[in-house]
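The structure appears right after this line, and notes come after that.
What you see below is based on every heavy atom in this structure, not just the backbone, and it leaves out hydrogens, waters and symmetry mates.
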Amino acid sequence: MILPAFGLGTFRLKDQVVVDAVKTALEVGYRAIDTAQIYDNEAEVGQAIQASGVARDQLFLTTKIWVSNLNEQDLIPSLKDSLVKLKTDAVNLTLVHWPAPQKNIDLVAVMQLLMQAKQQGLTQHIGISNFNIAQTQLAIDTVGAEHIATNQIELSPYLQNAKLVDMLKQHEIDVTSYMTLAYGKVLQDPVLKAIAAQHQASTAQIALAWALQRGFAVIPSSTQREHLIQNLQAQQIQLSADDMQQIAALERNGREVNPAELAPEWD
């Protein structure tokens, strides 16, 4: 796996809230941070990293190129702008945030531009986010599967995305799970609650442990020290085959994030 298995997501965290969350996460042991141009928090993430005292080479930093920058004029300049905000010479991973088929984005050209960014040393790895099977195949055909570090997709016990996950695994492309707790909906699930009770864990920890055991990287977001620590401890939980089978049966195609102007036709 190219990516660290566990990181901090910063979606919806702004201003001092994101500064504090990143600082706390780094204090308690996180070493991967996920942000994006559209989150409008890259400068604060950069500030928190700088203030943390954690050496840059100890961190795995991901950002995502926003849809309006997915063109020849703006992609590389916008990434350079992100680097300035993040106070770093290069990020570890740069992703296409959304394929946005309604906007007629040339994904072949975009993948080639990402490769140029990698060759220029602006990013260590490149990847994709929210790509369906056909778009992932197009990206593979353009730059080669070995150059696609991950497809970051919505995955939770309620949305298991089996076909796409299988395809990514066949091509040895890491799967990053976002929205692993389905906006908190899985936290009240009776099956997960029962499994959590057996493991003396929280339902959030069980959902994260499920994703980790599936071989996914996870990037849960939290602002509270206690939850940040608990989330990290999910890595120590070993679910049984029976636990995993029970969670597999929770699939309900429960997609939470599906913006009409950005999302592809899902498989």
Side-chain angles (χ1 to χ4, degrees), residues 3-56 58-69 78-79 81-88 90-98 123-130 149-156 174-184 204 207-208 211-212 216-232 234-235 256-257 259 262:
L3 282 70
F6 216 99
L8 175 75
T10 62
F11 176 54
R12 292 188 160 178
L13 305 185
K14 292 276 179 84
D15 306 321
Q16 193 58 40
V17 172
V18 77
V19 173
D20 294 343
V22 171
K23 272 190 186 165
T24 305
L26 293 174
E27 273 172 33
V28 301
Y30 286 71
R31 288 298 177 266
I33 310 290
D34 180 279
T35 182
Q37 293 174 344
I38 197 68
Y39 297 173
D40 194 24
N41 64 13
E42 288 174 315
E44 289 79 6
V45 168
Q47 180 191 328
I49 289 170
Q50 199 171 49
S52 73
V54 176
R56 176 66 188 89
Q58 299 301 304
L59 287 177
F60 194 96
L61 189 53
T62 299
T63 196
K64 309 179 203 76
I65 307 288
W66 187 242
V67 171
S68 56
N69 295 323
S78 79
L79 177 55
D81 189 43
S82 291
L83 298 180
V84 171
K85 290 175 181 169
L86 289 162
K87 298 176 169 47
T88 187
V91 282
N92 299 88
L93 177 61
T94 303
L95 305 178
V96 181
H97 203 152
W98 284 93
T123 185
Q124 185 184 6
H125 303 287
I126 62 171
I128 54 183
S129 184
N130 299 302
T150 192
N151 189 1
Q152 184 177 124
I153 52 176
E154 183 185 346
L155 280 167
S156 76
D174 289 347
V175 178
T176 304
S177 161
Y178 76 80
M179 212 58 73
T180 315
L181 308 180
Y183 277 136
L208 292 167
L212 290 164
F216 308 155
V218 295
I219 44 170
S221 170
S222 182
T223 56
Q224 296 173 38
R225 177 180 290 264
E226 184 188 349
H227 288 163
L228 286 163
I229 292 168
Q230 283 176 355
N231 287 348
L232 210 49
Q235 294 174 101
E256 300 294 330
V257 184
L262 302 175

Qualifying ring pair (Phe, Tyr, Trp, His ring centres under 6.0 Å) pairs with a residue from residues 12-37, counting only residues at least two apart or across chains: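 Pairs touching residues 12-37 that pass the test: Phe6-Tyr30.
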Residue pair Arg12, Ser221: steps toward the side-chain contact (heavy atoms from CB on, under 4.5 Å) verdict: CA-CA 9 Å; Arg12 292 188 160 178; Ser221 170; over 6 Å; no
If you compare all heavy atoms of [X] against all heavy atoms of [Y], which two are closest, and at what distance to 0.1 Å?
X      : Y      : result
Ala234 : Leu208 : CB-CB, 3.8 Å
Ala21  : Ser222 : CB-O, 3.7 Å
Val19  : Ala48  : O-CB, 3.5 Å
Met179 : Glu256 : CG-CB, 4.2 Å
Lys23  : Ala51  : CE-CB, 3.6 Å
Tyr39  : Lys14  : O-CE, 2.9 Å

Please examine the side chains of [Y] and [X], heavy atoms only from C-beta on, and report whether any two atoms are closer than 4.5 Å.
X      : Y      : value
Asn130 : Leu262 : no
Val22  : Asn41  : no
Leu8   : Asn231 : no
Leu26  : Arg31  : yes

Residue from Leu83, Ile49, Thr63 passing side chain to side chain contact (heavy atoms under 4.5 Å, CB included) with Thr88: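 Answer to the side chain to side chain contact (heavy atoms under 4.5 Å, CB included) test with Thr88 among Leu83, Ile49, Thr63: Leu83.
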Would the distance check show the side chain of [X] and the main-chain N or O of [Y] forming a donor-acceptor pair, the cut-off being under 3.5 Å?
X      : Y      : result
Thr150 : Asp174 : yes
Ser177 : Leu155 : yes
Gln235 : Leu232 : yes
Arg225 : Leu228 : no
Thr176 : Gln152 : no

Within residues 34-46 or reaching into it, pairs that qualify as salt bridge (charged side-chain N to carboxylate O under 4.0 Å, His left out) - sequence neighbours excluded: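 Found Asp34-Lys64.
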Please round to the nearest 0.5 Å and tell me the distance separating atom [atom1] of [X] and atom [atom2] of [Y].
X     : Y     : atom1 : atom2 : answer
Arg56 : Gln58 : CZ    : CD    : 10.5 Å
Thr35 : Leu61 : OG1   : CG    : 8.0 Å
Gln37 : Asp81 : CD    : CG    : 7.5 Å

His125 and Phe60 aromatic ring geometry - parallel, tilted or perpendicular at 30°/60° bounds: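 Geometry flag for His125 against Phe60: parallel rings.
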